[in-house]
Student: 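Before I ask anything, let me first share the structure, which is written out below as structure tokens.
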Amino acid sequence: MINQKLKEAFHEYKEELTDLRRKLHNEPELSWEEYKTTDFVCAYLDELNISYRRTEPTGVIAEIKGGKPGKTVALRGDMDALSVEELNKDLSYASCEEGKMHACGHDAHTAMLMIAAKALNEIKEDLPGNVRLLFQPAEEVAQGAKALVEQGAVEGVDNVFGIHIWSQMPTHKVSCTPGPSFASADLFKVTFKGKGGHGAMPQACIDTAIVASSFVMNVQSVVSRTIDPQQGAVLTVGKMVVGTRFNVIAENAVIEGTVRCFDPAIRDHIEAQLSHYAENVAAVYGADAHVEYTRGTQAVINDESSALLVQQVAAEAFGDDVIFHEKPTMGGEDFSFYLDEVPGSFALVGSGNPEKDTEWAHHHGKFNIDEDALSTGAELYAQYAWAYLNKN
């Protein structure tokens with residue numbers, strides 16, 4: 001199951017892997033702006049003589065052709081950074097871009113996939129099939145995976161595998177359980193229209209501050225009173241803009257939020273209930289309501305056979321004690337768009353180490369990773385590809 005040549009390669013390339021990650025961390029680029037990162041990946045693939053094509057406007061799809069016929073497995077690593085100010089100013093490789101930072105670990109994912117490509121390319125004559133490499137842009141805006149799928153990323157692919165560095169898990173631990181892993185992530189916007197006027201004459205007005213407040217207080221009962229409490233769901237109002245001045249009754253109110261769940265039926269239910277609550281609350285006060293519901297990522301549901309193969313590979317490569325069972329998260333991941341097309345799985349690789357101060361939450365300005373986890377992730381990419389292609 002485990003390829004010893006691959007294992008030896010990752011010991012040899014450990015320093016290079018760290019250097020790649022640090023360069024990427026030092027030069028972060030936001031979603032759909034990953035031009036230098038794309039160029040960097042392409043130059044690296046040129047050195048390895050791995051064929052590739054650029055995707056539009058950023059991103060790369062590469063392929064390692066095996067020496068023997070067989071299936072095709074895809075490995076995905078995302079590349080984009082976030083609009084977050086780096087607070088780790090003492091790092092030698094801290095972001096050089098003000099207000100931009102790899103605060104989620106995508107620099108690690110890209111570097112790990114680059115080194116995995118190098119190691120796999122060295123044994124390509126022994127590969128019974130092909131390995132497709134997806135260097136994906138724009139995960140943070142939940143658009144990159146869908147764009148790559150539309151540009152042929154998974155055409156002819158039999159299985160897809162992805163990794164996310166995870167600061168909430170101890171370094172080296174690997175979690176990949178069958179079933180739900182990441183939730184679907186949707187956005188909603190509710191606009192209330194009332195009748196403005198002077199704050200001293202409320203009888204002549206329809207106050208959307210009251211309408212919006214009533215909606216926010218009542219809409220939480222969609223989850224608490226209309227959904228089975230054993231089913232995971234979250235409805236969060238994150239933004240509320242009401243009125244223009246202290247002594248003017250608000251004519252307009254805009255509320256924005258997000259919905260997270262794992263079950264498509266619950267997703268449909270919450271969407272319908274949002275409109276129901278908004279319209280009826282507005283009707284009580286004589287206002288009008290308009291609801292916009294935008295579906296973002298699907299839930300990431302790990303295929304059972306793929307997830308169990310990840311566990312088997314991880315245990316054989318790193319020892320039985322590496323296996324960790326992380327609970328499903330309400331976070332969103334656009335890896336789901338690949339799983340809509342082909343079976344596969346998405347693993348978490350722990351990078352949390354209190355001694356190295358790497359347990360900060362993802363998207364925080366102090367986020368950093370224990371770089372000892374890089375080799376675990378890079379080898380897991382490569383060993384999974386090897387195992388899947390050799391699987392009967």
Side-chain angles (χ1 to χ4, degrees), residues 2-24 27 29 34-80 106-137 144 147-149 151-163 313 317 338 374-375 377-390:
I2 298 304
N3 186 292
Q4 289 301 318
K5 290 182 180 178
L6 288 176
K7 180 162 283 294
E8 292 167 7
F10 291 107
H11 286 294
E12 181 182 347
Y13 299 144
K14 185 174 182 178
E15 185 175 340
E16 181 184 359
L17 175 54
T18 300
D19 290 343
L20 289 172
R21 182 258 165 171
R22 290 185 175 189
K23 177 176 173 56
L24 291 163
E27 301 176 3
E29 295 178 295
E34 310 94 334
Y35 295 104
K36 289 191 297 183
T37 305
T38 297
D39 289 342
F40 181 61
V41 170
C42 289
Y44 192 81
L45 295 172
D46 283 334
E47 290 180 9
L48 301 176
N49 199 29
I50 295 175
S51 63
Y52 64 86
R53 62 183 173 92
R54 294 171 182 258
T55 51
E56 294 296 332
T58 53
V60 184
I61 298 175
E63 189 139 347
I64 298 171
K65 298 287 187 182
K68 306 171 187 177
K71 297 170 288 187
T72 297
V73 61
L75 306 176
R76 178 270 215 159
D78 40 8
M79 308 192 302
D80 53 329
H106 297 187
D107 51 341
H109 305 162
T110 302
M112 293 187 309
L113 189 55
M114 292 168 75
I115 289 295
K118 182 174 184 176
L120 285 165
N121 195 52
E122 291 176 349
I123 64 161
K124 64 182 177 182
E125 294 305 319
D126 297 327
L127 287 174
N130 309 313
V131 180
R132 190 166 299 172
L133 309 164
L134 308 179
F135 293 93
Q136 182 203 304
L148 258 62
V149 168
Q151 295 181 60
V154 292
E155 290 178 7
V157 167
D158 299 286
N159 188 271
V160 61
F161 176 55
I163 292 175
V313 168
Y338 301 118
L374 292 171
S375 293
E379 183 173 352
L380 186 61
Y381 269 135
Q383 295 285 13
Y384 178 84
W386 171 261
Y388 176 79
L389 294 179
N390 281 279

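Note: hydrogens, waters and symmetry copies are ignored here, and every other heavy atom, side chains too, is used.
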Student: Could you measure the distance from the CG atom of L6 to the CD1 atom of I123? Nearest 0.5 Å is fine.
Tutor: 3.5 Å
Student: Any side-chain heavy atom of Y338 sitting closer than 4.5 Å to one from L134?
Tutor: yes
Student: Using the side-chain contact (heavy atoms from CB on, under 4.5 Å) rule, take T37 and L24 through it: C-alpha gap first, then chi angles, then the decisive distance, then the call.
Tutor: CA-CA 7 Å; T37 305; L24 291 163; 3.9 Å; yes
Student: What pair of heavy atoms forms the shortest contact from L389 to G129, and how long is it?
Tutor: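 For L389 and G129, the tightest heavy-atom pair comes out as CD1-C, 4.0 Å.
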Student: Could you measure the distance from the NZ atom of K124 to the CG atom of N49? Nearest 0.5 Å is fine.
Tutor: 6.0 Å
Student: Using atom types as modelled and distance alone, determine if a side-chain donor or acceptor of S51 lies under 3.5 Å from a backbone N or O of I64.
Tutor: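 Between the backbone of I64 and the side chain of S51 there is no qualifying donor-acceptor contact (under 3.5 Å).
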Student: Using the rule side chain to side chain contact (heavy atoms under 4.5 Å, CB included), only one of L20, L17, I115 pairs with L374; which is it?
Tutor: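 With L374 as partner, L20, L17, I115 yield a single side chain to side chain contact (heavy atoms under 4.5 Å, CB included), made by L17.
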Student: So does D80 get a backbone contact from the side chain of H106, meaning a donor-acceptor N/O pair under 3.5 Å?
Tutor: yes
Student: Between R132 and E155, is there a donor-acceptor pair closer than 3.5 Å when you use the side chain of the first and the backbone of the second?
Tutor: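 Side chain of R132 to backbone of E155: a pair is present.
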Student: When you measure from the side chain of T58 to the backbone of Y35, do you find a donor-acceptor pair of N or O atoms at a distance under 3.5 Å?
Tutor: no
Student: Are side-chain heavy atoms of E63 and T72 found at a separation under 4.5 Å?
Tutor: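 Touching, per the 4.5 Å side-chain cut-off.
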Student: Please name the pair of heavy atoms, one in A62 and one in L45, separated by the smallest distance, quoted to 0.1 Å.
Tutor: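 Smallest heavy-atom distance, with atoms named: CB-CD1, 3.8 Å.
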Student: Can you list the residues that meet the side chain to side chain donor-acceptor pair (under 3.5 Å) rule with N390, with sequence neighbours excluded?
Tutor: none
Student: List the atom of A385, the atom of V131, and the distance in Å for their closest heavy-atom pair.
Tutor: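 Heavy atoms of A385 and V131 come nearest at CB-CG2, 4.1 Å.
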Student: If we ignore angles and hydrogens, is there a donor and acceptor under 3.5 Å between the side chains of T55 and Q151?
Tutor: no
Student: What are the two closest heavy atoms between Y381 and R76, and how far apart are they?
Tutor: OH-O, 2.6 Å
Student: Measure the shortest side-chain to side-chain distance between Y52 and D46 over non-hydrogen atoms and say whether it is less than 4.5 angstrom.
Tutor: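 A side-chain contact exists here, since the closest heavy-atom pair is under 4.5 Å.
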Student: For S375, is there any backbone N or O sitting under 3.5 Å from a side-chain donor or acceptor partner on Y13?
Tutor: no
Student: Nearest 0.5 angstrom please: L148 CG to E56 CD, how far?
Tutor: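 These two atoms lie 11.0 Å from each other.
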Student: With side-chain contact (heavy atoms from CB on, under 4.5 Å) as the test, would you mind laying out the steps for D158 and V73 before giving the verdict?
Tutor: CA-CA 6 Å; D158 299 286; V73 61; over 6 Å; no
Student: Treating E379 as the side-chain partner and F10 as the backbone partner, does any N or O pair qualify as donor plus acceptor under 3.5 Å?
Tutor: no
Student: Can you give me the closest heavy-atom contact between E16 and K118, atom names plus distance?
Tutor: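 Taking E16 first and K118 second, the nearest heavy atoms are OE1-NZ, 2.8 Å.
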Student: Atom NZ of residue position K36 - does it have more than 12 heavy atoms of other residues, nucleotides or ligands inside 6.0 Å?
Tutor: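 Count over threshold, so yes.
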Student: Could you check whether any side-chain N or O of K7 sits under 3.5 Å from a backbone N or O of A317, counting only pairs where one atom can act as donor and the other as acceptor?
Tutor: yes
Student: So, does Q136 use its side chain to make a donor-acceptor pair with the main chain of G59 at under 3.5 Å?
Tutor: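 Here the side-chain-to-backbone pair does not exist.
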Student: Evaluate side-chain contact (heavy atoms from CB on, under 4.5 Å) for F161 paired with L380, printing each intermediate quantity in order.
Tutor: CA-CA 10 Å; F161 176 55; L380 186 61; 4.0 Å; yes
Student: Distance check, rounded to the nearest 0.5 Å: M112 atom CE versus H109 atom NE2?
Tutor: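 Answer for the CE-NE2 pair, M112 versus H109, is 5.0 Å.
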Student: Is Y384 close to N159 at the side-chain level, that is, under 4.5 Å between some pair of heavy atoms?
Tutor: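 Yes, close enough: below the 4.5 Å cut-off.
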Student: Under 3.5 Å, is there a donor-acceptor pair between the side chain of N3 and the main chain of W386?
Tutor: no
Student: Tell me the closest heavy-atom pair linking V60 and C42, and the distance in Å.
Tutor: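 Answer, listing the atom of V60 first, then C42: CG2-SG, 3.7 Å.
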